[in-house]
Amino acid sequence: MVKLNASFYEDNNVLRVAKRLLGKLLVTEMDGVRTSGRIVETEAYAGATDRASHAWNNRRTARTEVAYAPGGVAYVYLCYGIHHLFNVVTNLKDVPHVVLVRALEPIEGIDHMLARCGKIKLDTTLTAGPGSLSKALGITTALTGESLLGNKLWIEDAPNLPGSAIETGTRVGVAYAMEDTYLPYRYSIKGNKWVSKGKGLKK
DNA sequence: CCGTCGATCTCCT
DNA sequence: GGAGATCGACGGG
């Protein structure tokens with residue numbers, strides 16, 4: 001399997017990256033344990049011009065500074081004080097576009113993932129949802145800023161899906177974003193059972 | 001099956 | 001002080 005390279009992440013179209021990430025393999029390897037899952041759901045956050053983005057209007061805080069790095073690093077932040085949400089930084093330096101990975105289909109190291117989550121049986125609660133998948137793969141805010149070209153956390157290539165296999169919708173939990181609430185920036189693999197149950201708002 | 005609520009960090013969008 | 005790119009526990013029907 002081939003790791004996605006810098007040029008994949010430095011693409012200046014965050015929507016294209018979000019769609020291309022569907023079907024690819026998100027891998028972590030820590031303490032000799034490899035776990036992975038196929039990406040089945042993503043959301044794009046278009047930085048300065050996107051009111052749903054933490055980096056709207058080029059806002060810079062300690063938390064979001066990493067989103068301004070060149071594409072190809074992890075942006076992991078704490079949501080509701082508890083959940084670690086994994087995002088892929090895209091585009092060039094100083095353009096804070098990111099893709100939130102919202103759901104995975106578990107592939108490798110399922111026993112390790114279950115153990116991390118205190119679960120016995122495999123079901124969709126393991127990795128359907130951005131907080132859940134981070135816990136299953138052992139992703140925490142300690143990994144924010146980590147290169148996706150390194151050996152802890154990376155994404156392996158897979159063929160791009162045809163447009164007909166991709167479901168498009170509105171993003172989950174962004175009702176505060178005013179005119180950007182209804183942007184069609186959520187993508188998932190049509191009919192895949194590992195997609196999260198989160199509902200985007202309808203216009 | 002559904003609605004409610006608590007957890008508890010960051011930024012006030 | 002309040003809300004948030006969330007989840008799971010709990011109680012009622």
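Proteins come first, then strands; the chains are lettered A, B, ... in the order of their sequence lines, and each starts at number 1. These values consider heavy atoms only, across backbone and side chains, with no hydrogens, waters or symmetry-generated copies.
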TODO: Quote, to the nearest angstrom, the C1' distance that separates C:dG8 from B:dT10.
DONE: 22 Å

TODO: Answer with yes or no whether the side chains of A:Glu41 and A:Ser188 bring together a donor and an acceptor at under 3.5 Å.
DONE: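 Result is no, nothing qualifies.
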
Task: Check: A:Thr144/A:Thr141 side-chain N/O donor and acceptor closer than 3.5 Å - done: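 Result is no, nothing qualifies.
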
Task: Secondary-structure notation, DNA chain C, from Watson-Crick and G-U pairs under 3.5 angstrom (| other strand) - done: ||||.|||||||.

Open item on the list: With heavy-atom distances below 4.5 Å as the criterion, would you say the side chains of A:Arg59 and A:Thr64 are in contact?
Closed with: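 Side-chain contact under 4.5 Å: no.
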
Write down the distance between [atom1] ([X]) and [atom2] ([N]), rounded to a whole number of angstrom.
X        : N      : atom1 : atom2 : answer
A:Leu126 : C:dC7  : CG    : C1'   : 13 Å
A:Asn58  : B:dC11 : CG    : P     : 16 Å
A:Asp123 : C:dC7  : CG    : P     : 13 Å
A:Arg116 : C:dG8  : CZ    : P     : 16 Å
A:Arg171 : C:dT6  : CZ    : P     : 12 Å
A:Lys199 : B:dC2  : NZ    : P     : 10 Å
A:Arg186 : C:dT6  : CZ    : C1'   : 13 Å

Task: Donor-acceptor contact below 3.5 Å, side chain A:Lys24 vs main chain A:Ile39 - done: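 Not a single qualifying donor-acceptor pair exists.
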
Task: Options C:dC7, C:dG8, B:dT13, nucleotide nearest the side-chain atoms of A:Pro130 - done: C:dC7

Task: Within residues 65-96 of chain A, residues whose heavy atoms come under 4.0 Å of DNA chain B - done: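 Those residues whose heavy atoms fall under 4.0 Å from DNA chain B, taken from residues 65-96 of chain A in numerical order, are A:Leu78, A:Tyr80, A:Gly81, A:Ile82.
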
- [ ] Name the nucleic acid region contacted by A:Arg51, choosing base, sugar-phosphate or nothing; use a 4.0 angstrom heavy-atom cut-off, strictly under.
- [x]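 Counting heavy atoms under 4.0 Å across all strands, the contact made by A:Arg51 is with sugar-phosphate only.
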
Open item on the list: For a quick check of understanding: with a heavy-atom distance under 4.0 Å over all strands, which category does A:Arg102 fall into, base, sugar-phosphate or nothing?
Closed with: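 A:Arg102: backbone/sugar contact only, no base atoms under 4.0 Å.
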
Open item on the list: Given A:Arg171, which partner from the list A:Asp50, A:Thr181, A:Asp180 fulfils the side chain to side chain donor-acceptor pair (under 3.5 Å) test?
Closed with: A:Asp50

Open item on the list: Counting only side-chain nitrogens and oxygens, does A:Lys119 get under 4.0 Å of the OP1 or OP2 atom of C:dG8?
Closed with: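 A:Lys119 to C:dG8 OP1/OP2: side-chain N or O found under 4.0 Å.
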
- [ ] For the pair A:Arg20 and A:Asp157, find out whether any cationic side-chain nitrogen is under 4.0 Å from an anionic carboxylate oxygen.
- [x] no

Open item on the list: Taking A:Lys3 first and then A:Glu29, would you say they form a salt bridge - that is, a charged N and a carboxylate O separated by under 4.0 Å?
Closed with: no

Open item on the list: Does atom OH (A:Tyr185) have a neighbourhood of more than 12 heavy atoms from anything else shown, all under 6.0 Å?
Closed with: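 Result for OH/A:Tyr185: open.
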
Open item on the list: I'd like to know whether CG of A:Asp123 has more than 12 heavy-atom contacts from other residues, nucleotides or ligands below 6.0 angstrom.
Closed with: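 Yes, enclosed.
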
